[in-house]
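Just follow the structure's listing: the first ligand is 1, and inside any ligand the first atom is 1.
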Amino acid sequence: MAERNVLKVLKGDAVFPPPIWMMRQAGRYLPEYRETRAKAGSFLDLCYNPELACEVTLQPIRRFGFDASILFSDILVVPHALGRDLRFEEGVGPRMTPISAEEIAALDDSGFHSHLAPVYEAVGLIRKSLPEETTLLGFCGAPWTVATYMIAGRGTPDQAPTRLFGYQNPDALDALLATLADLSADYLAGQVDAGADAVQIFDSWSGVLDEAAFERWCVAPVARLVKRFRERHADIPVIGFPRGAGLAYENYRQQTGVTGLGLDWTVPFEQAKRLQASGAVQGNLDPLRLVAGGEALADGVKAILGGLGDGPLVFNLGHGITPDTPTEHVEEMIRLVRSAQR
Ligand code: CP3
């Protein structure tokens, strides 16, 4: 079997030049994505159509030849599979009906896996269509990040509604996070059963919490999720991405049991190198350097390769690519990484 370099790095080996993929690599910056999305109807129709979800997953692989492919879906299909309403408003983002403490106690997971069957089917189609050497990543949102959308009903800049809910209804939030942790573990295990080689847990909103809340609402639920996932798939790498965790990145790998650490672009190299001593890191180019291109891009790539290139590194952005990114800049980033000399 051709070697999958992303898996190799996640297992702790240094590969230079490092393998590369991008968070949100299938998306609106690609004209072919916009075309398929128009054909699907809505964003959610695209997520639940296995053939079209497979098609958009493969688009960035065909165009750029990334070393990893990530299942095309969304973190909010998990609450959707629990019967919560969900819609994506054009140019605005996700909208849900805010969940109450009473509704948390009454959540019904009986239709969960049948609702997600098209996602598992998409994973199988993608694995069959990918080049042998391309790693296929499954994913889910971390319980805290998913809960912020369920409780606020939308994205907010600092997750004030969910923080306040948690202080006023601590037992209800704990119960919601535990439910999401267990179901997300089973969801990731199902993606692996269908063909995913590794998985990533997106905790995009972990950076808004104080120390105690971070422990209770981010670390503990992710640890619970990883433990339950490992009961079914002990050897599958798990990437944790606690965006904005700052100093709390320090013990995150040990506390949660994740294999690889996704770093946002604010993590300094001195800290990142320390984190790399205990395993693989992934990241962490500021996505706006990719929008800007030129010197800003070249300097950013060079700093990451210089700072982290000697250890186990998966080159990535520090968060998702933005829709206004020119595709030529993506090509340039890949060229810079792949032509790098030590
Ligand atoms: O990385 C990939 O290519 C895989 C696909 C993927 C999407 N969403 C597709 C998507 C992944 C991994 C996600 C994760 C996700 N979704 C996160 C965590 C990562 C992050 O970016 O912080 C979050 C918080 C969500 C929830 C979500 N989905 C929001 C807030 C939005 C609206 C913002 C936006 O960019 O429009 C989405 C919509 C979404 N998810 C789009 C895509 C391609 C754009 C929708 C469209 O095509 O109209």
- Decide whether an N or O pair under 3.5 Å exists between T145 and ligand 1. no

- Minimum heavy-atom distance between R289 and A296, given as atom pair plus value: NH1-O, 2.8 Å

- Item | Closest protein heavy atom (residue, atom, distance) for atom 30 (C) of ligand 1 | Y149 OH, 3.5 Å

- Task: Would you check whether W21 has a nitrogen or oxygen atom less than 3.5 angstrom from a nitrogen or oxygen atom of ligand 1?
- Result: no

- Please report the C-alpha distance between M23 and Q200 in whole Å, then the side-chain angles of each, then the deciding distance to 0.1 Å, and finally whether the side-chain contact (heavy atoms from CB on, under 4.5 Å) criterion is met. CA-CA 10 Å; M23 288 188 272; Q200 176 157 324; 3.6 Å; yes

- Short version for H319: what comes under 4.0 Å of ligand 1, heavy atoms counted, is side chain

- Which atoms of ligand 1 sit under 4.0 Å from any heavy atom of S204? 18 (C), 19 (C), 20 (C), 22 (O)

- Message: Does any part of the side chain of F43, heavy atoms only, come nearer than 4.5 Å to the side chain of E90, both counted from C-beta?
- Response: no

- Polar contact flag for A26 and ligand 1 (N/O pairs, less than 3.5 Å): yes

- Query: So do W21 and L137 actually touch side chain to side chain, heavy atoms under 4.5 Å?
  - Reply: yes

- Query: V56 and R37: side-chain contact (heavy atoms from CB on, under 4.5 Å), yes or no, with the steps?
  - Reply: CA-CA 8 Å; V56 293; R37 181 159 162 350; over 6 Å; no

- The answer for which part of S73 has a heavy atom under 4.0 Å from ligand 1 is backbone

- Message: Test of understanding: given a 4.0 Å heavy-atom threshold, classify the contact between M22 and ligand 1 as side chain, backbone, both, or neither.
- Response: neither

- Task: List every atom of ligand 1 that sits less than 4.0 Å from any heavy atom of F88, numbering the atoms from 1 in the order shown and giving each element.
- Result: 28 (N), 37 (C), 38 (C)

- Of L76, V92, D74, T322, the residue with the heavy atom nearest atom 16 (N) of ligand 1 is D74

- Using a strict 4.0 Å threshold on nitrogen-to-oxygen distance, state whether E55 and R62 make a salt bridge. yes

- Could you tell me whether L71 approaches ligand 1 through its side chain, its backbone, both or neither, with non-hydrogen atoms closer than 4.0 Å? backbone

- Message: Taking the basic N atoms (NZ, or NE/NH1/NH2) and the acidic carboxylate oxygens, is any pair closer than 4.0 Å for D310 and K273?
- Response: no

- Item | Heteroatom proximity flag, R24 to ligand 1, N/O under 3.5 Å | yes

- Of all the atoms in ligand 1, which lie at a distance below 4.0 Å from a heavy atom belonging to P94? 29 (C), 30 (C), 31 (C), 32 (C)

- Message: Under 4.0 Å, heavy-atom basis, I'd like to know which part of R243 is in contact with ligand 1: side chain, backbone, both or neither.
- Response: neither

